[in-house]
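Here is the structure we will look at.
Basis for what follows: all heavy atoms, side chains included, without hydrogens, waters or symmetry-related copies.
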Amino acid sequence: MTRRRLAVIALVAAGAFVAAGIAVAGAFKATSTHQFCSSCHIMEPYVQAWTASRHRQVECVQCHFPPTFKDALWVKFQASTQLVKWATDTYSSKPFADVRDASCLRSGCHSGGALDENAPLIFKRVTGFAHAVHLDAAKTGVALRCTSCHAQTVVDRHFEVTESTCFTCHFKGSRGNLELKPLGGCPACHGAPSRDLRVGSGVFNHRELVQRGVPCQSCHINVVEGTGDAPADRCIGCHNEREKLAVASNVPAVHRAHVTERSLECTRCHTPIKHRLPPLSGATALAPASR
């Protein structure tokens, strides 16, 4: 074989390699847009929720793919299995999406040091919140992730904070009103009202009871519904291996596998807990008195 022929073959091979690289890069880019994501009908409601969310200027892959190219390429390969599920009609209307903390904290997005820059943050106008406390595994007993709280349990709420997660952690194991001992105590989330309340013909203020250290649950009863238990049939619904079912009572290991490593919704395992303050009959808030 002459050198000229070898050169032609090498040139053709190099051209084919470059063309293949361009094709792969083009396909990678084309399949990394929200238009491509919404081309699958089961993704339409999720994309609609995204367009109405605060993340609507951020492409899907910025969150759902890891920041490093190597990891993103592997996730892209894993995502291709959805085509197989579509072709075999084995897909679910609620696909699992794993968003890693590295994606949230990537350059140009959220900064770990700035999460509590305006702390305490106020959730739903009454609940104070600080990220540092919740991300300290020594205090919480489990290594939480961004998606432990910022999740999408229902299709029309994109990355919203889910109260069910808050209630599961703070009220799990509560048995009855007088034994109610929320994690961190009631003041950790919300303080006592500062205004006077008119109850019947009298005026009441929480200040005196707070100063005396009277527990909130001494007066406020029936504020929590549910115990947050994790019944065994929840485990069997996903697992059938004896080895995994045998360690179901190992709470740290279960939380590590489902919360830290997998980031499943709490209600996949725990029964729901509701927390609200029943309306006080005849009680009205009074405007602050001038002093």
Practice item. Hey, can you tell me if His158 and His64 have their rings parallel, tilted or perpendicular (30° and 60° cut-offs)? Key: perpendicular

Exercise for review: Please name all residues satisfying side chain to side chain contact (heavy atoms under 4.5 Å, CB included) with Arg106, sequence neighbours left out, ordered by chain then number.
Suggested key: Gln62, Pro67, Ser103, Cys109

Point to revise | Residue pairs fulfilling salt bridge (charged side-chain N to carboxylate O under 4.0 Å, His left out) with at least one residue in residues 238-247, sequence neighbours excluded | key: Glu241-Lys244

Check your understanding: Can you list the residues that meet the side chain to side chain contact (heavy atoms under 4.5 Å, CB included) rule with Ala192, with sequence neighbours excluded?
Key -> His206, Val210

Revision key, fill the gap. Residue set satisfying salt bridge (charged side-chain N to carboxylate O under 4.0 Å, His left out) with Lys70, at least two apart, ordered chain then number -> none

Point to revise | Residues that His255 engages under ring-ring contact (aromatic ring centres under 6.0 Å, His included), provided they are two or more places apart | key: none

Point to revise | By side chain to side chain contact (heavy atoms under 4.5 Å, CB included) - contacts of Ala143 (at least two apart) | key: Ala137, Thr260

Review point. In the hydrophobic clustering that connects Ile, Leu, Val, Met, Phe, Trp and Tyr at side-chain heavy-atom distances below 4.5 Å, which members other than Leu245 occupy its cluster, ordered by chain and number?
Key: Ile236

Check your understanding: Phe159: what forms a ring-ring contact (aromatic ring centres under 6.0 Å, His included) with it, not counting sequence neighbours?
Key -> His55

Check your understanding: In chain order, what residues pass the ring-ring contact (aromatic ring centres under 6.0 Å, His included) check against His150, with sequence neighbours excluded?
Key -> none

Practice item. Quick one: which residue pairs count as a side chain to side chain donor-acceptor pair (under 3.5 Å) with a foot in residues 136-149, not counting sequence neighbours? Key: Asp98-Arg145, Thr147-Ser263

Point to revise | Contacts of His170 that satisfy ring-ring contact (aromatic ring centres under 6.0 Å, His included) - sequence neighbours left out | key: none

Practice item. Could you tell me how the ring of Phe129 sits relative to the ring of His131: parallel (under 30°), tilted (30 to 60°) or perpendicular (over 60°)? Key: perpendicular

Check your understanding: In chain order, what residues pass the side chain to side chain contact (heavy atoms under 4.5 Å, CB included) check against Ala248, with sequence neighbours excluded?
Key -> Cys235

